[in-house]
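Structure, as structure tokens:
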Amino acid sequence: MTDSTRPITRRDMISDVAAATAALAVLGPSGLARAAERPARRASVTLVRDAAALSGGQVDVAVLKRMLEETLRAVTGKPTAKEAWLSLLSPTDVVGLVPTDHLNPTHEEVIAAVRASLVDAGVPAERVVLAQGGPDRPKACTALIGLPALKAHWLTGIGTVLKNYIMFTGQPSAYHRADNVKLGEIWNAPHVKGKTRLVLVDALRPLCDKGPQPDPRYMWTYGGLIAGTDPVAVETIALSIITAKRTALRGEPWPLSPPPLCVQAADEVYGLGTSRVSEITLDARGWTQDLLVG
Amino acid sequence: MTWPASLGDWKRAAEPRRIAADGIFEYMDGAGELYLAYRFDHLEAAEFSSPGEEPILAEVYLTGSTDDAWGLLSQDWGGEPVRLGDAGCRGLYGGGLLRAACGTRFVRVLAARETDSARAAVLRIGEALLSGQKPAPPPALVSALPATLAGWVRRPDRTVFLRSELVLNSVYYLSADNILSLDARTEAVLAPYALPAPPGSPTVLLLAIAYPDVATAEKALARFVAAYLPEQGGKTPAAGGALAARVEDGWLAVERAERHAVLAFRCPNEALARQATAEGLRALRTLEAPHD
């Protein structure tokens, strides 16, 4: 077994090459150089929380609408939700909403709120479609809005932003084993590349272990929306929240296993955004109790 | 198997769905591999509803063996222990979710919203779905493990029975590649050992594996050493002795006897690493031939 064929192991994760482990996993030793040359990036992520967003397990749609509008204004810097949307897309776009559709799905109220907000912004209702599913779904769209639910995943570490597009490949199980580090390549596929205008994570009631099957012991009311135009940065913040919650639950570090190498690879191999916390500006607003990040 | 049509106010909404192994991805894409890793044959699922309550989803997984059902439960020993039915089937309950294993069945009964009524129904449904099953002892590989290693005490609450590298990686990541050559024919147990005090002390991990035969075991360990300990230059554990090496997170020892292999991770020193694998193998020698 030569060095170029040796699989990546735990030892690589905790040794000095840990910073480039994902690149090593995807590209082999030559990937290390590519990772090292990657230019500096900056990204902003918005986190809006409200303790009243969920009550008795039910979403307060009025609170959610306010949260969504604040999120849109904060992400884009525009004074209204309408202007925010119109800075991201056009009324002539076919806008595909991509929620998590089963096993800890995106709340229906979040999908409905986004849809209503887009229509209010002038996108005709018939041009706002659900786009989660096989390759034909994103092909029919000119713009995508990622709406994943925040959850850990037993196969990939985290199953939120990057994994949300796995069905677009037509062969999702191909990414469940060693190739899960390559989830980012889906975002660069011709029928997907460049279409994502916003990622909005439903963090109202996340799952921090044993995903994707729900386990109420690891779900809690966080009452948040996490959003940005850099999907890797958004995933990185989502990951920070889950990791912090796990530590809080156990009272000791409880890292995700397997480690979510797909996030680092999305940055250093596929160039989709930044996974480096030092390059991310977090704009956290609203409810501050148990923020877990920032 | 027989599903209850109703239990008090809770009524089964429809006939149970039967999902075979080749259909599990459609039912639960991303979660199906967990059950396939425990040689599951098929599952049956149904919802129960009650006026004014949110539904309960009940799932029964028919696995390859009592060891596989136990293994599924061992994924997470957290929750309130419960005993179900006259046979005393073992379950764990928390937050509206019951997980239980009895015979070759593993059940998962989840209330969408936990109320007193839902909790009672979840437990009754679980009991009904395990009716006729008999509790089985833990896998022989688990029972054979030493309770202590040089004063380090095994943690039964974190001991996992497994056959797949996917399950191993979900508990203790070694590599995305299957460097230990685990498959449906292997049996393995990952057991942490901790010092009794102070709380939160570091743990040593013992991974005991029973391969189907000697040749498979030899080949598997050669592959592991080449992938995980490349600096050993192709050495493999010598007969009657361990291969030990200091790695980034402590001492690691690997030892094999016949078709059994024991690996000790995160040991604070070489002596403990070698003792752990030696004692582990001594314990495994009491096991009989593959019993599937």
Side-chain angles (χ1 to χ4, degrees), chain A residues 1-3 5-16 18 21 25 56-58 100-104 151-157 159 163 166-167 171-173 175-181 209-220 249-253 255-259 261, chain B residues 24-37 54 57 59 75-76 78-80 92-97 99 108 110-114 164-179 199-200 222-231 234 245 247-249 252 265:
Chain A
M1 201 179 277
T2 65
D3 193 53
T5 60
R6 182 178 66 76
I8 301 303
T9 72
R10 181 184 194 85
R11 293 185 62 191
D12 297 301
M13 302 291 304
I14 57 180
S15 74
D16 285 343
T21 299
Q58 304 298 315
T100 303
D101 62 354
H102 75 304
L103 291 177
N104 294 296
K151 63 183 173 195
H153 196 288
W154 83 289
L155 285 174
T156 55
K163 199 170 185 298
I166 199 171
M167 300 302 287
Q171 39 182 352
S173 54
Y175 289 87
H176 280 161
R177 289 180 177 260
D179 278 351
N180 72 63
V181 69
D209 192 49
K210 302 288 181 298
Q213 281 190 298
D215 188 328
R217 295 172 299 148
Y218 303 115
M219 299 175 77
W220 80 105
L249 278 178
R250 278 251 175 120
E252 59 183 3
L256 285 164
S257 189
L261 290 180
Chain B
I24 195 164
F25 291 115
E26 198 182 322
Y27 179 68
M28 54 160 73
D29 185 43
E33 276 95 342
L34 173 64
Y35 300 97
L36 293 171
E54 294 193 37
L57 173 63
E59 296 167 327
Q75 294 294 298
D76 186 337
E80 172 197 343
L92 295 161
Y93 178 86
L97 172 65
R99 295 169 302 118
R108 206 169 182 279
L110 174 63
R113 187 164 172 216
E114 187 185 29
S164 160
E165 83 281 9
L166 296 181
V167 177
L168 176 60
N169 281 339
S170 75
V171 182
Y172 185 66
Y173 179 80
L174 280 185
S175 173
D177 286 44
N178 187 6
I179 60 176
R223 181 179 179 189
F224 173 79
V225 172
Y228 208 78
L229 297 168
E231 67 272 24
V247 296
E248 289 75 10
D249 56 355
L252 160 65
F265 296 91

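Chain naming here is simple, since letters A, B, ... match the order of the sequence lines and numbering starts at 1 in each.
With a threshold of 4.5 angstrom between heavy atoms, B:I179 approaches chain A through side-chain atoms but not through N, CA, C or O. Using a 4.5 Å cut-off between heavy atoms, B:V167 touches chain A through backbone and side chain atoms alike. Within the 4.5 angstrom heavy-atom criterion, only backbone atoms of B:Y27 (N, CA, C, O) approach chain A. A:M219 does not touch chain B: none of its heavy atoms, backbone or side chain, sits under 4.5 Å away. Contact of A:Q213 with chain B is made through backbone and side chain together, with heavy-atom distances under 4.5 Å. With a 4.5 angstrom heavy-atom cutoff, B:L252 does not touch chain A via any of its atoms. Only the side chain of B:E165 comes within contact range of chain A, with at least one heavy atom under 4.5 Å from a heavy atom of that chain.
The closest side-chain heavy-atom distance from B:N169 to A:W154 is not below 4.5 Å.
Counting heavy-atom pairs closer than 4.5 Å to chain B, the top residue among A:G251, A:P216, A:P172 is A:P216. Heavy-atom pairs under 4.5 Å with chain B peak, among A:P255, A:G57, A:P214, A:G157, at A:P214.
Taking OG1 from A:T9 and CD from B:E248, the interatomic distance works out to 7.5 Å, rounded to the nearest 0.5 Å.
Looking only at distances, no side-chain donor or acceptor of B:S170 sits under 3.5 Å from a matching main-chain atom of A:S257.
With respect to B:D249, the side chain to side chain contact (heavy atoms under 4.5 Å, CB included) criterion is satisfied by exactly one of A:R11, A:M13, A:R10: A:R10.
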